[in-house]
There are 2 protein chains.
Amino acid sequence: MSRSNPRVLSTLERAGGFASAQEIHKLMQREGEKIGLTTVYRSLQSLLGDKIVDVLRRDDGEAIYRLCGDSHHHHLVCKSCGKTVEIEGGAIEKWAKAVALEHGFRDIGHSAELFGTCADC
Amino acid sequence: MSRSNPRVLSTLERAGGFASAQEIHKLMQREGEKIGLTTVYRSLQSLLGDKIVDVLRRDDGEAIYRLCGDSHHHHLVCKSCGKTVEIEGGAIEKWAKAVALEHGFRDIGHSAELFGTCADC
DNA sequence: ATGAAAATGACAACCATTTTCATTTCTGTT
DNA sequence: AACAGAAATGAAAATGGTTGTCATTTTCAT
């Protein structure tokens, strides 16, 4: 198993908590860090698994990683500028539980994302 | 400029109004239609431009196209056997609209999936 | 110091998507 | 029907993000 290279996380923080693997790699190289693209990807995967970061997709399909608080929440993302708002999902939790019960499912989890165009775009 | 091949649209409809370019292409070939993957992509681009379809991203980054104005549904998936139930998302639609308004976003879309363990597992 | 396990990175493989370009089909005009 | 020009098509190559491979280096406990 591969562990996260701590410099990757700190670079993601420095990038504003929101960047793609390629961007993180370029940033690190520009700052003189010697690190391979492969290691950046691996570190991000590991951070993902540990739920320290979160992954979304840009319009062009590129994956962008962002730091994630540990409380369960959802995101409202602007499709054109990437601005992100964290959202409480109380309504969804209830809905998920109700639907699960109705169909005899248990151990319910859910994922939900909202996307649109923000006021500035 | 390229126009949409009408068979692409009708195949997307037949697929439940929700499919990737590759899936549409495979479906058409399985049904004996002679069409190139390139044309499928081109047709989808054109349908996008005409706002007849909408594009989202799967978790793996693949683009999935959806008929616009299609009241879409969500899925409740069993993690162990894969059994899937289609679900109405009225509650989510309302929630999405409310949250969007609250934050000044417009043209709101959303994706949501529920997963758990079904009664048989 | 020594060996085992983990981490690393150069490179190749993958796969969805786009571009290129030669060929075919469609369209309207004579 | 014949023709020309435009649009559509699709095979193949190019693109680009991401993942897999594997030999080498580093880490770490004994």
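Proteins get letters first, then strands, A, B, ... in listed order; numbering begins at 1 in each.
- Looking only at distances, a side-chain donor or acceptor of A:D60 sits under 3.5 Å from a matching main-chain atom of A:E62.
- The phosphate of C:dT18 has OP1 or OP2 within less than 4.0 Å of a side-chain N or O from B:Q45.
- Between A:I64 atom CD1 and D:dG16 atom C1' the separation is 17 Å, expressed in whole Å.
- No side-chain heavy atom of A:L56 sits less than 4.5 Å from a side-chain heavy atom of A:F115.
- With sequence neighbours left out, the side-chain hydrogen bond (donor to acceptor under 3.5 Å, both in side chains) criterion links A:E33 to A:R7.
- Residues from residues 32-39 of chain B with heavy atoms under 4.0 angstrom of DNA chain C, sorted by number: B:L37, B:T38.
- Within the structure, every side-chain polar atom (N or O) of A:Y41 is placed at least 4.0 Å from both OP1 and OP2 of D:dT19.
- Every residue two or more places apart in sequence or in another chain was checked for a side chain to side chain contact (heavy atoms under 4.5 Å, CB included) with B:D59, and none qualifies.
- Checked by atom type and distance alone, the side chain of B:S43 pairs as donor or acceptor with a backbone atom of B:N5 at under 3.5 Å.
- Partners of A:H75 according to the ring-ring contact (aromatic ring centres under 6.0 Å, His included) rule, which considers only residues two or more places apart in sequence or in another chain, are A:H73.
- Evaluation of the side chain to side chain contact (heavy atoms under 4.5 Å, CB included) rule for A:L48 yields A:Q45, A:V53, A:V55, A:Y65 as partners, not counting sequence neighbours.
- Of the possible polar contacts, none joining the A:H110 side chain to the A:K97 backbone as a donor-acceptor pair under 3.5 Å is found.
- Taking the side-chain hydrogen bond (donor to acceptor under 3.5 Å, both in side chains) definition, one finds that A:R106 meets it with nothing, sequence neighbours left out.
- In terms of polar N and O atoms assigned as donor or acceptor, the side chain of B:R42 comes within less than 3.5 Å of the base of D:dG10 in a complementary pairing.
- In terms of the side chain to side chain contact (heavy atoms under 4.5 Å, CB included) criterion, residue partners of B:V99 (sequence neighbours excluded) are, by chain and number, A:L76, A:I87, A:L114, B:W95, B:H103.
- Legend: residues meeting side chain to side chain contact (heavy atoms under 4.5 Å, CB included) with B:T38, ordered by chain and number and at least two apart, are B:R42.
- Atoms NE2 (A:H25) and P (C:dT8) sit 13 Å apart, rounded to a whole Å.
- When each of D:dT18, C:dT17, C:dT8 is scored by its nearest atom to the side-chain atoms of B:A21, the top-ranked nucleotide is C:dT17.
- Residues B:V8 and B:M28 have side chains in contact (heavy-atom distance under 4.5 Å, counting atoms from C-beta outward).
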Represent DNA chain D in dot-bracket notation, 5' to 3'. Only Watson-Crick or G-U wobble pairs with both distances under 3.5 Å count; pseudoknot-style crossings use [ ] and interstrand partners use |. ||||||||||||||||||||||||||||||

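- Under a 4.5 Å side-chain heavy-atom criterion applied to ILVMFWY residues, the cluster that includes B:L37 comprises B:Y41 as well.
- Within residues 48-62 of chain B, the residues approaching DNA chain C are B:E62, by heavy-atom distance under 4.0 Å.
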If you restrict it to nitrogen or oxygen atoms, what contacts under 3.5 Å exist between nucleotides 12-15 of chain C and the protein, and what is each distance?
none

